[in-house]
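Remember, it's a predicted structure, so these values are computed and weren't measured experimentally. Convention: sequence-line order gives letters A, B, ...; per-chain numbering from 1.
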Number of protein chains: 2
Amino acid sequence: MDIGTPAPRRRMRADARRNYERLLAEAAAAFAEHGADFSLEEIARRARVANGTLYGHFPTRRALLEALLGDRMRALAATGEELLPHPSPFDGLAAWARAAMAHTTIYRGLGAALMQAVEDETSELHTACKAVLAAGEGLVARARAAGEVRPDVTAPDLYALVNAAAWAGEQSSIPQGERLLTFGLDGFRTSATTRG
Amino acid sequence: MDIGTPAPRRRMRADARRNYERLLAEAAAAFAEHGADFSLEEIARRARVANGTLYGHFPTRRALLEALLGDRMRALAATGEELLPHPSPFDGLAAWARAAMAHTTIYRGLGAALMQAVEDETSELHTACKAVLAAGEGLVARARAAGEVRPDVTAPDLYALVNAAAWAGEQSSIPQGERLLTFGLDGFRTSATTRG
DNA sequence: ACCTGAACACCGTTCAAGT
DNA sequence: ACCTGAACACCGTTCAAGT
C-alpha cells in the first residue's frame, strides 16, 4: 500500500504549510540518497527556507524522521498483526522480520535511530518504535507458544536482530543484511537448541 | 596478555616522539570513554599539541585507530589460530567470536570502522582487519569441514555477525550484543538447517 | 503565527610560516 | 624534520527582530 506524503496534524497558515511540505519532501529525498544523518542545514537550503524555519517545524532530527516514517511504521506494525494467524508461526515471524528490515533500509543510518528511540521515551520516534516492537512481541509470543522458537527469545531480540542486520548490510558491499537476518532467525528456532 | 602502548615504527626526534605518545595516550582515553568518533581537535587540545601536529602523525582517524589497535588485532588473529585445534570446531569458533566481540566493544563505534576497513584497501586498518578475517576463515573452514556449521557459512558472515552484535550492544541498555551473538552462532550450526 | 538570518560554539582538514 | 596556529568550509541550535 502507498502511504504518500504525511499531513501535518493541525491546521496551518498557508505559507507554513508550504514550508512544512517542502521540508519533508527535501528531507525524504536527501535521506534516501545520503542517509538519515544528512545535514539539516542543507535540507533547509534545498527547501529554500531559513534554518530556523526547519527547527520551528521539526525541533529535532527525530521529529523529522517521525513525520516521514510514522505512518509507515504503524503500517508495519499492522502487517505484523495480519501475520499473526499465519499457519506456520515461525514463517510468519520470519516474513515480518524481512518486511521490517526492508523498512529499516530505506534510509542509511536509520537502524541506529530506531534502536535508540525504542529505549528513549523522550524521542519523537518512541511511540512508533513501540508499536513495531509490540507487533514483534505478538509474533514472538505465538512462535514461542507453538514451540517453534526458543523459550528465551524476546521481542527486543527480534527488534535488535532486524536493526543490526540492516546496519551490517549498509556497511557491506554484499547482501550481508539478508544473510545475518537468516542466520539470526534460524538461531531463534527451537531446533538450534540441540547442542553437541 | 598485556599489549601496552604501541611504539612508532621508525626513529623519531625526541619532541616528535613525545607528541606522538601523548596523542596516543589521550586518544586511547577519549575513545574508551566517548567512543571512536570523539573529536580529534579535542584530543590534540588534551595532548597540548596543535591540531596540525595530530594530522602530521596520524593523517586520518583510521591511522590513529591502527596505532592503538593494530597489535591487539594481530593478537586476536593469533588467538584464532591457537583455537584451530580445539576438540570441538564449533566451540572453538564460538569462543573466538566472543573474544572478537570483546575486542570490538573497547571503543563505542569501532564496529563500523572495522566493517568498512575490511572492504577498503586504502584504510590504514585494512591489513589488521584482513588478519582477523583470515583467522575467522580458518575457524569457519574447519567447522564446516567437520559438518558442525552449515556449508554456506563464510568468514565475512562471522566477521559481520561479531561487529553487528557489538553494534547492537552499544545501542541497548541490556546485553543485547551477547544475545545476538549467541543466536547468530546457533544459526550457523548445521542442526539449524533442519526446518519444518 | 510564522519566518528570517545572524550569532554562538563547535567540527575536520590544510598549509604557509616558523624553529 | 617537525611544530604551530590561522584559514577554510562546514556543522547543529538558538533567538531577537521582523511581518
Tell me what [X] touches on the nucleic acid: a base, only sugar-phosphate, or nothing, going by heavy atoms under 4.0 Å.
| X | result |
| --- | --- |
| B:Asn51 | base |
| A:Ser39 | sugar-phosphate |
| B:Asn19 | sugar-phosphate |
| B:Gly56 | nothing |

Salt-bridge contact B:Arg46-B:Glu41 (side-chain N to carboxylate O under 4.0 Å):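 No, B:Arg46 and B:Glu41 are not salt-bridged.
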Electrostatic pair A:Glu170:A:Arg108 at N-O distance under 4.0 angstrom: no
Please state the P separation for the pair D:dA9 and C:dA9 - nearest whole angstrom. 22 Å
Looking at C:dC3, I'd like to know if its phosphate oxygens (OP1 or OP2) sit under 4.0 Å from a side-chain N or O belonging to A:His57. yes
Short side-chain N/O contact to C:dC11 OP1/OP2 from B:Arg45, under 4.0 Å: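 Checking C:dC11 against B:Arg45, a side-chain N or O does come within under 4.0 Å of OP1 or OP2.
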Figure out the [atom1]/[atom2] separation between [X] and [N], and round it to whole Å.
| X | N | atom1 | atom2 | answer |
| --- | --- | --- | --- | --- |
| A:Asp37 | D:dC11 | CG | C1' | 13 Å |
| A:Glu41 | D:dA9 | CD | P | 15 Å |
| B:Leu54 | D:dG5 | CG | C1' | 14 Å |
| A:Tyr55 | C:dC8 | OH | P | 18 Å |
| A:Asp15 | D:dG18 | CG | C1' | 14 Å |
| B:Leu65 | C:dG12 | CG | P | 13 Å |
| A:Glu42 | D:dA9 | CD | P | 15 Å |
| B:Leu40 | D:dC10 | CG | P | 19 Å |

Separation between CD (A:Glu26) and CG (A:Leu54), nearest 0.5 Å, reads 11.0 Å
Watson-Crick or G-U wobble mate for D:dA6, both contacts under 3.5 Å: C:dT14
Does D:dT19 pair with anything, Watson-Crick or G-U wobble, both distances under 3.5 Å, and if so, with which nucleotide?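 Here D:dT19 is engaged in a pair, and the nucleotide opposite it is C:dA1.
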Would you verify whether the NZ or CZ of A:Arg150 falls within 45 degrees of the ring axis of A:Phe188 while also being under 6.0 Å from that six-membered ring's centre? no
Comparing nearest nucleotides in DNA chain D, the 5'-proximal residue of the pair A:Phe38, B:Gly52 is B:Gly52
If you pin B:Arg13 and B:Ala50 to their nearest nucleotides in DNA chain D, which one's is more 5'?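 Nearest-nucleotide comparison on DNA chain D picks B:Arg13.
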For residues B:Phe58 and B:Ala67, report the shortest heavy-atom separation together with the two atoms involved.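 The answer is CE2-CB, 3.8 Å.
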Among D:dC3, D:dC2, C:dC2, which is the nearest nucleotide to the side chain of B:Met12? D:dC2
